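For reference, the structure I am asking about is given below.
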Amino acid sequence: MRKILSVLLTVAMAAGCGGVKVTPAPLFDAGPLASPCLLEQDSNTVILRDYFPTLPTMDTTVITAASEDPWLRYLEVTTADGQKGVLVVKNMLPGKMAAADPSLAPFMTTAAVPGQDDRFLILIENEADDVQVLWQNTLLDKDHGIRVVDRNTLEITVPRNARKMERSFIRAFCADEEGGLGNDILVPLERGRVVRDAGQLRRSDKHAQVLYSFLIDRFVNGRSDNDMPLGTVNPKVDYWGGDLAGVTQTLESGYFDSLGVTTIWLSPITQNPFTAWGRIHDPETQFSGYHGYWPYYTTAIDVRYGTDAELRELLDKAHADNKNVILDYVSNHMHVESPTLTAHPDWTTPSDTPDGRPNRQLYDEFRLTTWFDDHIPTLDLERPEICAQLTDSALFWMQNYDFDGFRHDATKHVPEQYWRMLTRKLCDSLPGRSFYQIGETYGSTALINSYVKPGMQDAQFDFNVYDTYIWATTSPEGSFEGLASRLSEDMSVYGSHHLMGNITGNHDRPRYICLASGDIDPDEDDKLAGWHRDIKVTDPVGYKKLQMLHALNFTIPGVPCIYYGDEFGQPGANDPDNRRWMQFDGLTPLEEDVREAASSLAHLRTGSMPLLYGDYRLLHADTDVLAYSRSYMGETVVTVLNKGEEPCSLSLTLPCGLTVDGKNETEVTVAPMSYLILK
C-alpha cells in the first residue's frame, strides 16, 4: 500500500553535551537545515523525494525501513562520502492535520532558565507521545542535551559544538500516539547561546526580514537623462522614468528606515526591448516593457534603469544601512526578438498544444509549456542544455553583484530541475553567502510546498492566506474562522516557523483597499475598471481593514511583504492601475494613519523575538474576531483582530501557563474594525 509520509532528516550522534565533545558532521550540521519532506512507500522500501544540495546522492537514494514502530520509523542512509544518517519518519496521511482540531494537537513553546543562556525549557500542552529535538540536523537524546523535568516539560542544553557556529538552531518536533503532528519549535543560537534579544539578529537572519517591493520605473526618477518613453503607447503603459538612482535616493532619505523595511525587492532590471508589444482593444494600445518582465538580454542592466556603477552603489549603501536587496528574476521566458532566441529559435516550448490549440495562458492545463503571450515564448527548461545555460545567467547576478537573494517569477511554470540546478550552483560557487529565495506560485498548498525545499527555494508568497483574508473581510459570507483554519493548515504544511511571504498585495492584483472599500467589485473586470474609471477610496472602512491586514501580516509566522503604496493605502484597480507613481508627500489624514500603523507594526515586529521566532497558538476565532498568541522564552504577544461593526470583549487563556501582565487569563476589549496587540 502506498502512503505519503512526513520525514525529517537527522543525524544519530552525540552532540557535545554534558562534557562530551563531538566534531559536527560537516555535511549535516554546517549545511542547510533539513526539512520535513515527502516519501513514497511501497512495503518497507522508501524513496526520498526531497533534495539536499550538499548531499548529492540523496535525491535518488533508496532507503529500507529499519523499524516497524506503527507511527515512528528510523531509516538509515549513507551519503556519498560514507557518513551515515538517520531519517526520523512520522506517518501523516495527506489532509490529516488540516482536518484535525488544532486545539487538541500537542503544542510546544519555550521558556527561559533564569541565569542560563545555554539552556531553556520546552513546555508542552496536550501531552506529546514523542518529541524529537535537534541541534542543526543532529538528533539529541536523554544522554545528550535533553533532561525530562516532567511529562510536560523538557530542559534542553545547547551542545558545545554550537559554540563553533556563529548562528545555528535548536529545533523540536512533536506528535501524538495516533501520528498527528503538533507544532515545531525554532530557537536561534549565537555561538551556542540562546538569542533572546532581537538586537542580536543580523540581516542574514531570514526570519527577521520585512520586504518592500515596487516597480523601479514607477518609484522615483533619480535622473532624467536616462528617461526614454516610447511615445507610441497609452501613457499608462509607457516608461515613466523611475530608476536605480531614485531607489538609492529613497534609501538615503531614510524612508525605508522610517517604515521599518529591512529588505528591498527590486523588480527585474534586465534589458527589455525598445519597441512596443502585445495589444488590447479597449482602449486600443500596445505596451512597453516598463515592468521589466520581457528580458531581451538576461545579463545586462536596462539602460533606462541605470548603470553598473549605480547598481553597485545601491547595493553598497543598502548593506551599509543594514538592509538586504533581492532581485526579481525572470526564468520562464525571454523576448521573442532577443539575441538568444534569434540564435536558438528551437529553445522554446511548442507554440501549440498537442490537440492543436494555441498554447497561450493555459496556466494550469499546460503549466510547464504554455506561453504568457506571443512575444514572450516559454523556454524549454526541461532540456538539460537549456536549463544549464539559463541557470548560469541567473547565477551571473549573484556572482557579479552583492545581491542577497532572488524573487523568482512564475515559479510553477518552471520545471523543478531548474530550481535544483540553480540552488546547487549557488551553494557550490558561493559558499558561505546567505541567499533568500522566494517564488511566485498560485495554486494548492501541495503545489506551492513542492518548491519549498532546502535545495530549491526558501519560500513562496502565500496568496492563499491573502485571498482568505480578502474573502473574510469583503464577502458577506466571510469569516475569521476560515482565516484561522487557513493559517493552521498552512503551518501544518510549510512548518510553524516558515519563511512564506505574507503580502499586502502585488503588481498583478487590484489594490486590497479598493476591494475593502467597495470601489472595486470582486466580480467585475478589474483591469477594465482601471482603464475606464478613476478608482478612489470612497469608504473610510477600507483604511481600517487595510490596517488590520498589516497587523495580521506583522504578527503571524512568515515574512511580511509590503507592496509599495500599500503602506498608506494607494488606490488602484488591476494592472496597470495598481502601478501608479509612488507618493511620499501630500497624504490625507487617513493615509497618514495607515502609514503610521504600518511603520509601528514593522518596528514592533523587528524588535520582538516572539513575533520573529515565537510559537503560534490560536486563542479564539469566530465570524468577526480572531485572536492568537506568539510566545518565545516565556515572553508572549497576543494579537486580536475585530472586523465587526461593534466592540468585542473576550476572555483569553494563554497556553502552557504563559502570562500577559502576570495573568494566564486576560480580558480584552477591541474597538470595531480594529486590532489590539498586547505584550
Side-chain angles (χ1 to χ4, degrees), residues 32-33 166-167 169 186-188 190 195 197-214 247 250-251 255-267 314-315 317-329 398 402-408 426 433-440 452 454 457-462 465-466 490-491 494-506 549-564 566-567 598-614 616 630 632 637:
L33 295 182
E166 184 173 359
R167 176 73 75 243
F169 295 90
L186 183 68
V187 176
E190 185 172 290
V195 176
D197 183 349
Q200 296 174 255
L201 300 175
R202 301 170 179 81
R203 63 183 182 86
S204 56
D205 288 302
K206 298 175 183 178
H207 290 82
Q209 302 311 307
V210 175
L211 268 63
Y212 187 85
S213 69
F214 50 83
V247 180
T250 306
L251 177 70
Y255 184 77
F256 296 128
D257 282 329
S258 66
L259 190 56
V261 169
T262 67
T263 297
I264 299 167
W265 154 15
L266 292 180
S267 57
L314 169 58
L315 293 170
K317 290 188 174 180
H319 292 161
D321 199 32
N322 199 35
K323 289 181 177 53
N324 296 317
V325 183
I326 65 173
L327 177 64
D328 198 329
Y329 191 77
M398 300 298 120
D402 198 13
F403 281 107
D404 302 287
F406 284 113
R407 180 268 186 185
H408 289 299
L426 289 171
R433 288 268 298 274
S434 175
F435 296 105
Y436 177 59
Q437 296 192 79
I438 184 168
E440 174 205 35
V452 183
Q457 296 180 19
D458 296 287
Q460 302 280 291
F461 294 104
D462 204 332
V465 165
Y466 177 63
D490 279 17
M491 280 182 271
Y494 309 127
S496 306
H497 295 274
H498 59 71
L499 291 163
M500 300 289 287
N502 299 318
I503 64 172
T504 62
N506 79 354
L549 175 58
H550 283 302
L552 176 77
N553 287 348
F554 280 106
T555 56
I556 60 176
V559 176
C561 307
I562 301 173
Y563 178 53
Y564 84 109
D566 285 342
E567 69 265 39
S599 174
S600 297
L601 287 162
H603 285 97
L604 172 66
R605 181 185 180 89
T606 54
S608 169
M609 289 301 291
L611 293 180
L612 298 174
Y613 290 97
Y616 170 95
R630 301 282 305 279
Y632 179 85
V637 174

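If you're wondering where the values come from, they're calculated on a predicted model, not measured in any experiment. We count residues from 1, following the sequence as given.
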Ring pair (Phe, Tyr, Trp, His ring centres under 6.0 Å) involving Tyr616 - partner list, sequence neighbours excluded
Tyr628
Side chain to side chain donor-acceptor pair (under 3.5 Å) involving Arg202 - partner list, sequence neighbours excluded
Glu166, Glu190
Assess, by modelled atom type and distance only, whether the side chains of His408 and Gln457 contain a donor and an acceptor separated by less than 3.5 Å.
no
Pro557 versus Met491: any side-chain heavy-atom pair under 4.5 Å?
yes
From OG (Ser204) to CZ (Arg167), nearest 0.5 Å
6.5 Å
When rounded to the nearest 0.5 Å, the distance separating CG of Leu211 from OG1 of Thr262 is 7.0 Å
Residue list, side chain to side chain contact (heavy atoms under 4.5 Å, CB included) with Asp490, at least two apart or on another chain
Thr445, Asp462, Val465, Arg486, Tyr494
If every non-hydrogen atom of Arg605 is compared with every non-hydrogen atom of Phe554, which pair is closest and at what distance?
NH1-O, 2.9 Å
Side chain to side chain contact (heavy atoms under 4.5 Å, CB included) partners of Ser600, counting only residues at least two apart
Glu596
Roughly how far apart are Ile264 CD1 and Tyr212 OH, rounded to 0.5 Å?
10.0 Å
Side-chain donor-acceptor pair under 3.5 Å between Gln437 and Tyr329, yes or no?
no
Report yes if the side chains of Phe256 and Thr250 come closer than 4.5 Å at any heavy-atom pair, otherwise no.
yes
Is there a side-chain contact between Lys323 and Leu251 (heavy atoms, below 4.5 Å)?
yes
Candidate pair Met500 and Val452, rule side chain to side chain contact (heavy atoms under 4.5 Å, CB included), full reasoning:
CA-CA 9 Å; Met500 300 289 287; Val452 183; 4.2 Å; yes
Grab the two heavy atoms, one from Gly501 and one from Cys561, that are nearest each other, plus how far apart they are.
CA-SG, 3.7 Å
Using every non-hydrogen atom in the two residues, find where Ser599 and Ser258 come nearest and quote the distance to one decimal.
OG-O, 2.5 Å
CG of Leu186 to NE2 of His207, rounded to nearest 0.5 Å, is 5.0 Å
With sequence neighbours left out, what residues match Arg407 under salt bridge (Lys or Arg N to Asp or Glu O under 4.0 Å)?
Asp328, Asp409, Glu440
Please collect all side chain to side chain donor-acceptor pair (under 3.5 Å) contacts where either partner lies in residues 497-506, sequence neighbours excluded, each pair once.
His497-Asp615, Thr504-Asp566
What's the spacing between Leu499 CG and Tyr436 OH if we round to 0.5 Å?
5.5 Å
Can you list everything that forms a salt bridge (Lys or Arg N to Asp or Glu O under 4.0 Å) with Lys206? Sequence neighbours excluded, please.
Asp458
Of all heavy-atom pairs between Met609 and Pro188, which one has the smallest distance, and what is that distance?
CE-CG, 4.0 Å
Contacts of type side chain to side chain donor-acceptor pair (under 3.5 Å), residue Thr606, not counting sequence neighbours
none
With sequence neighbours left out, the residues meeting side chain to side chain donor-acceptor pair (under 3.5 Å) with Tyr613 are none
Asp402 and His319: which non-hydrogen atoms are nearest, and at how many Å?
O-CE1, 2.8 Å
Side chain to side chain contact (heavy atoms under 4.5 Å, CB included) between Ile562 and Ser213: does it pass, once the steps are laid out?
CA-CA 6 Å; Ile562 301 173; Ser213 69; over 6 Å; no
Side-chain heavy-atom pair Ile438, Phe406 within 4.5 angstrom cut-off
no
Can you name the residues that form a side chain to side chain contact (heavy atoms under 4.5 Å, CB included) with Ser267, not counting sequence neighbours?
Leu215, Ile216
How about Leu611 and Leu604: do any of their side-chain heavy atoms sit closer than 4.5 Å?
yes
So, taking the atom named CG in Leu426 and the one named CZ in Phe435, what distance separates them when rounded to the nearest 0.5 Å?
5.5 Å
Taking only residues two or more places apart in sequence, or in another chain, which ones meet Asn324 in a side chain to side chain contact (heavy atoms under 4.5 Å, CB included)?
Arg203, Gln209, Thr263, Asp404
Can you name the ring pair (Phe, Tyr, Trp, His ring centres under 6.0 Å) partners of Phe461, sequence neighbours left out?
Trp265
Minimum side-chain heavy-atom gap Tyr466-Asn553 below 4.5 Å:
no
Might you work through the side chain to side chain contact (heavy atoms under 4.5 Å, CB included) test for Val247 and Val325, ending with a clear yes or no?
CA-CA 11 Å; Val247 180; Val325 183; over 6 Å; no
Correct closest heavy-atom pair for Leu259 and Ala602 would be O-CB, 3.3 Å
